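Here's the structure, in structure tokens; my notes come after.
We're numbering straight along the sequence, starting at 1. Quick caveat, the model's predicted, so the values are computed rather than measured.
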Amino acid sequence: TVFGGWPGFSLVGGGAAGVEVALALRLHAPVTLVEAGEDVLAGYPGRARRLAREVLARHGVTVSPGRGVARVDADAVVLDDGTRIASGLT
């Protein structure tokens with residue numbers, strides 16, 4: 001997704017801070033949250049993880065669980081499977 005020609009934010013890490021920052025940034029541009037684990041808020045109770053997923057989705061944050069990051073380029077996050085996620089700020 002491109003916001004006025006700008007691809008938005010990419011965040012790596014779906015812990016409490018990553019979820020909070022993603023929700024704050026989504027007010028300004030599209031946000032993709034990359035999480036190496038199978039779910040956001042690993043270590044939290046299942047209900048908290050489910051609610052976080054629902055809130056992120058409702059607010060338009062794209063979550064990519066189970067995706068490791070191979071490297072961060074100037075304009076993209078490159079996942080361990082080679083997928084590039086365009087990013088104006090990572």
Side-chain angles (χ1 to χ4, degrees):
T1 303
V2 177
F3 183 76
W6 193 65
F9 300 99
S10 292
L11 297 172
V12 178
V19 169
E20 182 176 359
V21 171
L23 289 170
L25 291 176
R26 60 98 186 151
L27 297 171
H28 305 286
V31 176
T32 299
L33 181 60
V34 179
E35 169 55 42
E38 292 303 315
D39 205 354
V40 295
L41 299 181
Y44 283 77
R47 182 171 185 265
R49 293 191 310 271
R50 181 179 47 78
L51 288 172
R53 283 191 312 271
E54 290 172 4
V55 169
L56 290 164
R58 185 168 54 246
H59 290 289
V61 175
T62 300
V63 179
S64 294
R67 314 286 296 273
V69 174
R71 70 178 188 276
V72 176
D73 292 340
D75 62 347
V77 173
V78 181
L79 303 180
D80 53 9
D81 66 359
T83 301
R84 291 178 56 86
I85 299 174
S87 180
L89 184 64
T90 305

With sequence neighbours excluded, residues passing side-chain contact (heavy atoms from CB on, under 4.5 Å) with [X]:
X	answer
Ala48	Tyr44, Pro45
Asp75	Asp73, Arg84
Arg47	Arg50, Leu51

### Message
Could you walk me through whether Val78 and Thr83 satisfy the side chain to side chain contact (heavy atoms under 4.5 Å, CB included) test, starting with their C-alpha distance in whole Å, then the side-chain angles of each, then the deciding distance to 0.1 Å, before giving a yes or no?
### Response
CA-CA 6 Å; Val78 181; Thr83 301; over 6 Å; no
### Query
Are Val40 and Ile85 joined in one hydrophobic group, where the rule is that I, L, V, M, F, W and Y side chains link up if heavy atoms are under 4.5 Å apart?
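Shared cluster, no.
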### Message
Count I, L, V, M, F, W, Y as connected when their side-chain heavy atoms are under 4.5 Å apart, and connections chain through other members. Are Leu79 and Val63 then in the same cluster?
### Response
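The answer is no; the residues belong to distinct hydrophobic clusters.
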### Task
Please test Leu41 against Val19 for side chain to side chain contact (heavy atoms under 4.5 Å, CB included), starting from the C-alpha separation and ending with a verdict.
CA-CA 8 Å; Leu41 299 181; Val19 169; 4.1 Å; yes
### Task
Starting at NE2 of His28, measure out to CG of Leu89 and round the result to the nearest 0.5 Å.
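So the gap between those two atoms works out to 12.0 Å.
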### Leu23 CG to His59 NE2 distance, which is reported to the nearest 0.5 Å
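Result: 6.0 Å between the selected atoms.
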Output side-chain donor-acceptor pairs under 3.5 Å for residues 7-16, partner residues at least two apart or in another chain, one line each.
| from | atom 1 | to | atom 2 | distance (Å) |
| --- | --- | --- | --- | --- |
| Ser10 | OG | Ser87 | OG | 3.3 |

### Query
If you measure from the Lys or Arg side-chain nitrogens to the Asp or Glu carboxylate oxygens, is any gap between Asp80 and Arg67 under 4.0 Å?
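Judged by the 4.0 Å cut-off on N to carboxylate O distance, Asp80 and Arg67 do not form a salt bridge.
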### Task
Given side chain to side chain contact (heavy atoms under 4.5 Å, CB included), test Val34 with Val69 step by step and report yes or no.
CA-CA 8 Å; Val34 179; Val69 174; 3.9 Å; yes
#### Entry: For Arg26, all residues meeting salt bridge (charged side-chain N to carboxylate O under 4.0 Å, His left out), sequence neighbours excluded
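For Arg26, no residue satisfies salt bridge (charged side-chain N to carboxylate O under 4.0 Å, His left out) once neighbours in sequence are set aside.
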#### Entry: Which atom of Gly18 lies closest to which atom of Leu33, heavy atoms considered
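The pair with the smallest heavy-atom distance is O-CD1, 4.0 Å.
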